[in-house]
Amino acid sequence: MNEIDLLRELRADLPGPRAERRASARGALVARIEHSRLRRGPAGFPAWRRPRPRLLVDAVGPGGQRRQLIAGRRGRGTRLALGAGIALAAIATALIVSAGSDKDSMAFAVEPRPGGGVTIKIYSLEDASGLEGALAEAGIRSQVTWLPVGKVCREPHYKPSIAHLPGGGTISWMTMGGPGGPMTIAVGSAKHWRESFGKHRRGEISDHELANVNLDPAAFRPSQSVVISGAPTPFNGDPEGGSIASLGVAEGPVAPCEPVPALPSGGRPFGLSPGGGPGYSPRGDKALTRTAIAAELHRTAAVARASDASVDGPPGPGEFLYTKTKVVQLQGWLPRGHARGSKAHPRYFVPTSDPSARFALVPTVKEVWTAPDGTTRERETLGRIVFLSGAEQKRWEEAGSQPPSEYEPSEHDVSRDSSGRPVKDYAAKAIRGRREFSYMSRLFQLPTEPEALRLAVEHRRSSGAPLDPSPASSQRGGATVEGLLEILAEPLASPPLRAAAFAALAEIPGIGFERDVADAVGRRGDAIAWGRERGFGRRWIFDPRTSRILAQAEMIFGPPSTAENGVPPDTVFRESAYLQSGIVDSTHEGLE
Amino acid sequence: MDHLTLDSDAISASTRAPAGFATIFDRHFDAVHAYLQRRVGPDLADELSAQTFLVAFDMRGGYDPAQPDARPWLFGIATNLLRRHHRNEVRQFRAYARSAVDPVLDAFDGVEARLDASKMRRELVDALADVPAEELDALLLYAWAELSYPEIACALEIPTGTVRSRLSRARGRIRAALDAGQLSALGQPVPEEGGSL
């Protein structure tokens, strides 16, 4: 036995801190935090004062993932949130605004907002009908539901819609969560909002007095209302120590919320099963017959046809199509001494098939601004690398923790964002691959009849005789399925075009279907999955309520690729989750 | 809460919205406390771990946002706070070696202090008492806090190479002491310190 092992045995397994001592240490810290607030006064207001884009569809779905995605980053989402009136720069901690409170007995409080209007501070949703009354008095119709731990409302129970925010921008829905502090909704006119915003900018009111969301009754059509639901969440050992709430905008009647279990995998790092390995099954639900799958796809086509054309046209001159996508990739990394590439720029992240490679999931958030002429500005922010096991991570750290090497100053404009994450930024020309139908001008010329659309995707013309679709497992069929799905993933695709794409998919044999799967950010949906040659598979997840594509994943589900890449079956090696899209008025500077 | 948020994000956010710093406490208090307790016993650990987070909060403006994990930083602060208690720690090691009762274990209510029958362990703690403070910090951050070399370098604000040399010196001392113990048990002559071992 060596001395380190001997040392590790020494005083091992001591009891943990006594609860009361832990609580008193936390109390001392909270007191210090409170004291620092009094001393510091309102925080300075960073440079978020610019005019805001006129539209941004927030497509981030249930489960509070939004919080994590935009945590601490002065990215687009954060700014949208701030413009919308969300109080703090760090959404991750947005609702930890007051630790401990004498207001525990109060469900909510209505207070006049500095600048006009009212602020409703919600400490709990338990008095749901009282809160609905308070919102109605302020001019907003609502449905409020308080759910037990681990439950969410079965969706859809209303038709999603969009409302303009008094500070500019729009809201479709948002999620908030945290322990303790109140969720605040301010209701008032745009003028009231400007007054309050100005007071904050001048330092007359502090960050934590700003509301989480600002609503203007005048921006709501009579048919629109707000749907709020929330549930306690475990925090700090207390099974109900925190809470999570979501707020959505509804069009038309809202059905009662039917509680169903929340997604158990929510919040777990992408693709990792509880045992630590990648955990996905791309094979489709075998119980579903081809007819049943076709029926599902035709049903979704109907949903698509009836959907709100919330994004109606291509960007005009001076406007840009903005998209934000989270890409998670399984990459190989090399221990020190095995690096590839030049001495000046050694590459430590390599294809997984490299025999000396180990695995890690590398997440990036990719933002793209596309001008009407197809030129783009692209920005990628590197997230935290997820290792498949603690031991792998340790090895990586001991090798010197080299980050993925594609952020090379010689190739891109490389910087760090406000939370220290590497960012690369580049402009690109409108070169799209031949399979990509996403280029805007082309998109608007595509036929909206299913078979004609399929033939257009296949670059074929109808010659009179019927051209039956090839099965998804064939090379041509697989490419057709992907081409149709890429159209569906286009934020600018019109409802009739999307309906035609789903209807065309319904005719293609060999498509697998999976119900209720989660994407890389925890949103749930149904999936179209099919296998390709050499053990590769594809899966596209869509939201059956809205027909929107949530994410697409590529995976290795069997031999010979499992053997060639040295990974277990059902390994997702790349997933793109579509987070946000919309038309904005400027590229980077206007968004900072 | 959300373990997908980086510590560095939570800390930089807390320079604007200080309440978020409580997240750092919730994530790391137990680890910091466990380490301090192993070094100086439960009572002093209660005090020093609370202090660690107060100091960390005051120093959060200087946190290096390139460090996603706050543990090295927190252990660094804890180590600084421990310095004043090194003499005390040495006294406890010596007492343990002499009496075979570990004063740290003895300090727990309800934990029965037992005589430690392992001669080798007593020799180990006796050797630890002779390890200079700065080597001891590196050694115990490695063995007890389970930090990697680069993390220890970050915690102690020294180059990784220095971590390596401190650790190897500390290990050498302990090995020498243990070997000497074994030799003397066999009735062999014990080499003088600085000898050829």
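In what follows, chains carry the letters A, B, and so on, assigned in the order in which the sequence lines appear, proteins first and then strands, with residues in each chain numbered from 1. Please read these numbers as outputs of a predicted model, since none were measured by experiment.
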Chemist: Under 3.5 Å, is there a donor-acceptor pair between the side chain of Glu3(A) and the main chain of Leu124(B)?
Modeler: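 It does not hold such a pair.
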Chemist: Looking only at heavy atoms, which two atoms of Ala25(A) and Phe29(B) are closest? And how far apart?
Modeler: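 Here Ala25(A) and Phe29(B) meet closest at CB-CE1, 3.8 Å.
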Chemist: Can you tell which of Leu36(B), Asp30(B), Val32(B) makes a side chain to side chain contact (heavy atoms under 4.5 Å, CB included) with Pro17(A)?
Modeler: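 Checked Leu36(B), Asp30(B), Val32(B) against Pro17(A); only one passes side chain to side chain contact (heavy atoms under 4.5 Å, CB included): Asp30(B).
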Chemist: Where do Leu7(A) and Arg38(B) come nearest, in terms of heavy atoms and distance?
Modeler: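 In this case the closest contact between Leu7(A) and Arg38(B) is O-NH2, 3.9 Å.
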Chemist: When only pairs under 4.5 Å are counted, which of Trp144(B), Tyr142(B), Tyr149(B) shares the most heavy-atom pairs with chain A?
Modeler: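 Most heavy-atom pairs under 4.5 Å with chain A: Trp144(B).
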Chemist: Strictly below 4.0 Å, N to O, side chains only: are Asp43(B) and Arg18(A) in salt-bridge contact?
Modeler: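 Salt bridge: yes.
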Chemist: Test Val30(A) against Phe57(B) for side-chain contact (heavy atoms from CB on, under 4.5 Å), laying out the working first.
Modeler: CA-CA 10 Å; Val30(A) 169; Phe57(B) 177 73; over 6 Å; no
Chemist: What do the steps show when you test Leu178(B) against Leu6(A) for side-chain contact (heavy atoms from CB on, under 4.5 Å), and what is the final call?
Modeler: CA-CA 11 Å; Leu178(B) 294 179; Leu6(A) 202 57; 3.8 Å; yes
Chemist: Which residues in residues 49-56 of chain B have a heavy atom less than 4.5 Å from any heavy atom of chain A?
Modeler: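 Interface residues of residues 49-56 of chain B: Ala50(B), Phe53(B), Leu54(B).
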Chemist: State, to 0.1 Å, how close Glu9(A) and Arg121(B) come at their nearest heavy-atom pair, and which atoms those are.
Modeler: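 Closest approach of Glu9(A) to Arg121(B), heavy atoms only: OE1-NH1, 3.7 Å.
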Chemist: Is any NZ, NE, NH1 or NH2 atom of the basic residue among Arg22(A) and Asp46(B) found under 4.0 Å from an Asp or Glu carboxylate oxygen of the other?
Modeler: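 A salt bridge is absent here (no side-chain N lies under 4.0 Å from a carboxylate O).
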Chemist: For Ala22(B) versus Leu29(A), what's the shortest heavy-atom pair and its separation?
Modeler: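 Closest approach of Ala22(B) to Leu29(A): CA-CD2, 4.4 Å.
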Chemist: More than 12 heavy atoms of other residues, nucleotides or ligands under 6.0 Å from CD of Glu157(B): is that the case?
Modeler: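 Open.
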Chemist: Would you say the side chain of Asn2(A) lies within less than 4.5 Å of the side chain of Arg171(B), judging by non-hydrogen atoms?
Modeler: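 They are in contact (side-chain heavy atoms under 4.5 Å apart), so the answer is yes.
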Chemist: Does some side-chain heavy atom of Leu14(A) sit less than 4.5 Å from a side-chain heavy atom of Val104(B)?
Modeler: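 Yes, close enough: below the 4.5 Å cut-off.
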